[in-house]
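Below is one structure; the comments refer to it alone.
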Protein chains: 2
Amino acid sequence: MNPEQPKLGIRIGDFSKLSLVSIKALRLYDQKGLLKPARIDPDTGYRYYSASQLPRLNRILALKDLGFSLEQIGQLLDENLSIPEMQGMLRLKQAEVQQRLAQEQERLVRVEARLKQIQQEATMPDYDVVLKPLQAVQVASIREVIPSYPAVGQLYDELMGHLGSQGYFAKVAHPNQKCMTVWYDEGYKESDVDAEATVFLEAEVQGSDRIQCRTLPAHEQAACLTFNGSYNRITAAYQHLLKWIEDNRYDIVGPNREFYIIGGAEQDNESYVTEIQFPVAKAA
Amino acid sequence: MNPEQPKLGIRIGDFSKLSLVSIKALRLYDQKGLLKPARIDPDTGYRYYSASQLPRLNRILALKDLGFSLEQIGQLLDENLSIPEMQGMLRLKQAEVQQRLAQEQERLVRVEARLKQIQQEATMPDYDVVLKPLQAVQVASIREVIPSYPAVGQLYDELMGHLGSQGYFAKVAHPNQKCMTVWYDEGYKESDVDAEATVFLEAEVQGSDRIQCRTLPAHEQAACLTFNGSYNRITAAYQHLLKWIEDNRYDIVGPNREFYIIGGAEQDNESYVTEIQFPVAKAA
DNA sequence: ACACAGCCTGCCCTAAGGGGAGAGTCAAGG
DNA sequence: CCTTGACTCTCCCCTTAGGGCAGGCTGTGT
């Protein structure tokens, strides 16, 4: 049993081996003020540590293990820190870890859903679903039960005609009209589809008996799929999106929408780009 | 419904609003080759995107959401990537996420244990526990049932006497003898303590009938507490460490050790530094 | 013509160190 | 006493996925 002559102290390499902390880390803790060596030779700059500094270093490691940053550890080590403050930081950290835990859990579900899907289809998927928030938006709209999906085009014709007769297109210089259809039915229907054709408004305009101006509500989360191709092939995109929502255990919490990023009256124009949006919430 | 005149394309700001991806991120994806704009004006350097690039951008976002790095996404987007490769990366990612999940779970337990402890003691704890691996080490040792804990000192006397008589201290120039006691009893005992006094060997030495040379086994994980103070006060450190092990739901899987970093024969020397090590494994 | 909004590149910043260069230092052997 | 090899020092650049800003063009509306 020997007392490691304390005149010199422990050199950084030995202290590193003793504590299993890298030399680089020790130097960083010195620089950040978390653990100053017991003595620094003023001539050579050599750091000399003392064994009695090991408890403090271990406290640093323990706090790091709890997920605190070095800066936070600096505060936590400052001794004149009250118990309630300490508790507060711990509870904050607890909430943070719980949240990360939930995120990783969700991520795992998504990875597994993707694996499952690739296994079933045996091919790289054609579409990708992203979650994003939907903003509220001012629109002019007509809602009606129409005989079939493509018939929504006639609603847009009526809508545009009305806007033109109201002098709307004169007010908004560049006619950058963005359109979105809201589908109110749940599930696929062959006929009698409850649809709402909407145009984003950039200026005030008068409604009519059939045309109203209103605000499409915002949604915190929507599962969205952007589809490049003709409307004839959009059903597959719908199926994919619905399967994703199910596999990832979300619930649909509102009518879905079609946002025509590039769109028009043709049915088979492959250059069209449409975003399908389903408002969702994480299933309980 | 309008076709966003395709001659120019969509400027980066509009594309950013459309996709809810920041301009900085879009420029980064361009630079990293993940999403090159449809056209770049050679005179001005302006980036012009096309709506049909949204699906690719969404794929990038979806993969990012699964936890892939931009570099990995670059590989995953490279199209000439076989299905099995894709599956392999996904399964790797799955394992990675599962591991992080387990880590966060453990961290949560540790944070909660610390909260509980601070609540019970109503004070900043005096000791900190760290987990670390223990290396195997060559030692000379005596094991014996001794009347009480302090009596281990006599074993060390005998051990050192033997090493001296074998000419060991002449061989190892600087007498940096590190000592460690292994306690084989489970729980605290008033008397008849099964103890092994060991000295780390730095050279070959002969054993005897009472003294053997052997290897202390390595352990993957040990809960360790470094204690600065006299042996008289070490019991509190033991209690703390054992409580930590219980609260953090570990099992003790081997005899505990005392490593005398700074130590000696005195009982009440406050400058001693001792590390208590309990080999542990995560409880099932 | 002018103003203002939008876009460009380039530089510095993040957390916790890792890697390496170039120079100085320590202890032991010859 | 000198040398050698192992240690140590500081300084600089690197990592992720962008954020923030400066200075200088560019596009559009009035």
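This is a predicted model, so every value here is computed, not measured. What you see below is based on every heavy atom in this structure, not just the backbone, and it leaves out hydrogens, waters and symmetry mates. Below, chain A is the first sequence line, B the second, and so on; all start at residue 1.
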Rounded to the Å, how far apart are A:L28 CG and D:dT10 P? 13 Å
Without decimals, in angstroms, what is the distance between A:I10 CD1 and D:dC7 P? 16 Å
Nearest-angstrom distance from the residue atom CD1 of A:I12 to P of C:dG17: 13 Å
Please work out if A:K32 contacts a base, only the sugar-phosphate, or nothing of the nucleic acid, heavy-atom cut-off 4.0 Å. nothing
For the pair B:F227 and B:Y127, name the ring-plane relationship: parallel under 30°, tilted 30 to 60°, perpendicular over 60°. tilted
Short side-chain N/O contact to C:dC8 OP1/OP2 from B:R27, under 4.0 Å: yes
Atom pair distance, as rounded to whole Å: CG in B:L34 and P in D:dA17: 10 Å
A:R11 side chain, from C-beta outward: closest of D:dC9, D:dA17, D:dC7: D:dC7
Please list all pairs passing the ring-ring contact (aromatic ring centres under 6.0 Å, His included) test where one or both residues lie in residues 28-49 of chain B, with sequence neighbours left out. B:F15-B:Y49
Between B:E104 and B:R100, is there a salt bridge with N-O shorter than 4.0 Å? no
Between P on C:dA16 and CG on A:D30, what's the gap in Å once rounded to a whole number? 16 Å
Before giving the answer on side-chain contact (heavy atoms from CB on, under 4.5 Å), spell out for A:Q94 and A:L90 the whole-Å C-alpha distance, their side-chain angles and the decisive distance to 0.1 Å. CA-CA 6 Å; A:Q94 183 188 23; A:L90 276 172; over 6 Å; no
Using whole Å, what does the distance between atom P of nucleotide C:dC7 and atom CD1 of B:I23 come to? 5 Å
Any A:R47 side-chain N or O less than 4.0 Å from OP1/OP2 of D:dC9: yes
5'-most contact on DNA chain C: A:D43 or A:Y29, nearest heavy atom basis? A:Y29
Just the rounded figure in Å: distance from P of C:dC8 to CZ of B:F15. 13 Å
Determine: side-chain N/O of B:Y48 to OP1/OP2 of C:dC7, distance under 4.0 Å, yes or no. no
Think B:S22 has a side-chain N or O under 4.0 angstrom from the OP1 or OP2 of D:dG19? yes
Is there, by distance only and without an angle test, a donor paired with an acceptor across the side chain of A:Y46 and the base of C:dC26 below 3.5 Å? no
Are A:K24 and D:dC14 close enough that a side-chain N or O sits under 4.0 Å from OP1 or OP2? no
Using 0.5 Å steps for rounding, measure from the CD atom of A:Q103 to the CG atom of B:D65. 9.5 Å
Can you tell me the distance, in whole Å, between the CG atom of B:D41 and the C1' atom of C:dC8? 11 Å
